Amino acid sequence: MKQASALIWARHKPLVWLVIGLAAIFLIIGVKSNYDNYQWVESHALTEQSFAKHHKDWGYKADQFAKYRHDTYDMVVKNDGDHAPIVDTQVGSKVAVMGILVLTALGLFVAGWDGQSQFDRFLAGLGLKRQTVFWAKLRLYLPLVAGVTLIEEIVPLLAAKVYIPGQYYNLSLAAGSLTVAYNLALVLGGFMVGFFIGTVFTRPVVMGLGTVALIVLLNNAVLNLNMMLFPVTSDTYYGGGFDQPGRLFWGILGFAILVFLVTIPLTRWSVMHVSLERTGEQLLVPQLRWLIVSVAAIVSALALINQRSADSFNFGLSITAVVIIVAGGLVWQYWPQLHRQYRRLRHFA
Amino acid sequence: MQLTVNQLSKTIAGASVLRNVNFTWQPGEIVGLVGRNGAGKTSLMRTMMNQYLPDAGSVAIDGMMFAEQPAARQQLIYIDPANLFFKRYSLRHIADFYAIGYPGFDRARYEALLVDNDLAPTQQFRALSKGYQAVVVLALTLASNAPFMMLDEPFDGLDLFVRETIVKLVIAEIAGGQRGFLIASHNLNELDGLADRILFLKNATIDQTITLEDYREHAVKLQLVFPGKSLPPIVHEAGQVITISGRVATVVFPDYTPAVQGAIEAANPVLNEALPLTLTDLFRHEFAKEDGQ
């Protein structure tokens with residue numbers, strides 16, 4: 001393991017420092033931006049005199065100025081009607097969808113870079129077990145991804161505690177912890193999904209488009225599931241995609257943890273079965289073809305559910321997508337034979 | 001110490017590129033690997049290095065099978081010239097990876113080899129000419145100190161002086177008897193002076209192993225001129241005509257028995273002169289059979 005770790009570090013050192021450097025820059029920008037936003041909100045706060053004129057319009061009593069400020073300038077608004085511990089606010093913490101995307105891309109890059117640059121060939125030829133190299137990569141990157149996420153999440157919250165007066169700092173330890181846990185689970189799951197895609201696919205364009213499509217479709221699937229749940233719950237809050245999980249908060253958290261836990265052994269298995277003569281093909285591990293087709297079909301089906309009214313949904317697009325994807329999978333499976341047949345027909349035409 | 005390839009098989013895109021390949025190889029030996037384009041020479045090396053997973057068979061050193069004891073693979077080095085990860089690195093930085101990957105890597109020797117060939121460790125690999133890149137690949141291979149070294153087309157596209165440099169380095173390395181080379185090459189002239197024996201990769205398998213000495217014991221290459229316009233039947237029956245220029249025929253007789261010699265002399269050749277038999281002749285003979293000539 002020591003030898004594998006030393007090799008991975010020698011190769012990935014610049015990338016690791018780049019990630020740490022970028023994370024530090026984003027952290028500084030984020031904290032500064034939050035601070036500036038709060039300053040702006042504070043400086044544009046209504047005066048007590050203005051409040052006295054408008055309090056009835058806003059549904060407050062005359063002596064509720066402090067409550068009004070608290071409600072409107074909260075660092076985190078707790079939306080009592082839904083099950084999400086947090087929602088997006090102008091000032092404060094939120095579910096970091098961009099962070100999930102960026103670290104999914106990092107996972108993709110970490111795996112794809114070594115494949116595309118032929119470093120994996122070098123590693124394969126050494127006296128190392130493939131699984132040892134796999135674990136060496138994860139030993140470097142999982143703590144990095146987790147560490148960066150935790151710092152990017154926790155530092156702004158602690159910084160806000162310094163510059164936001166206590167009466168407006170409305171983030172409980174439980175809500176804050178759940179926000180961090182949710183983001184951490186999604187980021188780690190995203191990283192491993194990216195790592196898996198970068199391991200088994202060969203073409204950068206396919207990897208990039210596939211990852212973006214997966215994230216967008218998954219986000220839409222979450223949105224649709226939230227909408228489908230809405231009529232059967234008594235919530236006042238719809239919920240949205242990953243950034244506004246609504247009633248799906250615990251479901252998404254559990255799903256992300258499950259994805260993380262499943263993709264680790266799946267990627268390890270894939271690494272063991274990669275044979276590099278397939279670099280000219282789409283997939284390095286053809287045994288995974290139908291798993292990939294199945295995931296694409298399920299995610300697309302969920303993402304393409306169409307809402308006709310509050311409690312009426314149309315599944316036509318979803319069914320069409322499943323049919324097309326399964327047909328595409330069959331063409332993919334039998335492409336060499338089809339291509340051969342096509343060339344034969346052209347030859348004799 | 002012995003490296004054994006046993007029943008190694010590999011199918012790529014539905015085509016069998018290696019089928020039950022068997023051979024052994026020991027330090028102190030230079031083994032040539034020849035075959036026509038696409039015969040599977042590079043695939044064999046990549047499969048031995050675990051870049052391609054074999055469908056069947058094994059590679060082992062002294063009974064330690066690579067699949068079960070990957071650490072044994074440290075005794076074997078192959079730098080695939082078509083797939084280098086270090087093109088953007090400096091020559092010194094490249095050594096960092098090999099020093100970690102091969103515990104016996106001799107950095108001082110590597111840098112000495114570079115300096116001997118007018119290369120500075122600070123130079124970037126991709127900025128070098130093809131010839132110098134080949135020298136760097138060889139320097140890395142030699143400095144690894146692995147007992148088994150594989151070179152894939154090491155002379156391809158190189159000028160005479162670089163080819164001579166490579167040949168000298170290989171010969172110097174083999175002298176101690178601690179290293180062995182497996183060299184896949186189309187440059188049969190270079191291989192002729194280097195290889196102790198030749199593995200012919202044909203129809204996806206090692207068709208035969210031949211030492212040039214053995215071949216030269218049984219075969220001859222003759223320049224012949226006969227009185228008549230056509231060649232006597234014995235030439236076609238026992239030999240392989242390489243060239244005909246006017247009435248001068250150059251013919252290789254793979255099995256030059258006294259009976260063949262007698263039949264040729266009975267046809268009263270005007271000219272009957274033995275020429276040096278080369279690996280090219282052997283290659284032509286082997287692969288002409290494949291073409292049904």
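Since this is a predicted model, take the numbers as computed values, not measurements.
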**Message:** Taking CE in A:Met272 as the centre, count heavy atoms belonging to other residues, nucleotides or ligands within less than 6.0 Å. Is the count above 12?
**Reply:** yes
**Message:** Could you check whether atom CZ of A:Phe255 has more than 12 heavy atoms from other residues, nucleotides or ligands sitting under 6.0 Å from it?
**Reply:** no
**Prompt:** With sequence neighbours left out, which residue pairs that include part of residues 257-269 of chain A fulfil the salt bridge (Lys or Arg N to Asp or Glu O under 4.0 Å) condition?
**Reply:** none
**Request:** Heavy atoms only: give me the nearest B:Ile100-A:Leu7 pair and the separation to one decimal.
**Result:** CG2-CG, 3.5 Å
**Message:** Less than 4.5 Å to any heavy atom of chain A: does that hold for the side chain of B:Ala72, its backbone, both, or neither?
**Reply:** neither
**Message:** Quick check on B:Ile79 against chain A: is it the side chain, the backbone, both or neither that has a heavy atom closer than 4.5 Å?
**Reply:** neither
**Request:** State, yes or no, whether a side-chain contact exists between B:Phe86 and A:Phe122 at a heavy-atom distance under 4.5 Å.
**Result:** no
Please list every donor-acceptor pair closer than 3.5 Å that links chain A with chain B, giving the two atom names and the distance for each.
unit_1	atom_1	unit_2	atom_2	d
A:Gln3	OE1	B:Gln74	NE2	3.4
A:Gln3	NE2	B:Ile100	O	2.8
A:Gln3	NE2	B:Gly101	O	3.1
A:Arg11	NH1	B:Tyr89	OH	2.8
A:Arg121	O	B:Gln51	NE2	3.3
A:Arg121	NH1	B:Gln51	OE1	3.4
A:Ala124	O	B:Arg73	NH1	3.2
A:Leu126	O	B:Arg73	NH1	2.7
A:Arg130	NH2	B:Asn50	O	2.6
A:Ser275	OG	B:Lys10	NZ	3.3
A:Ser275	OG	B:Leu53	N	2.8
A:Leu276	N	B:Gln51	O	2.9
A:Glu277	OE2	B:Lys10	NZ	2.8

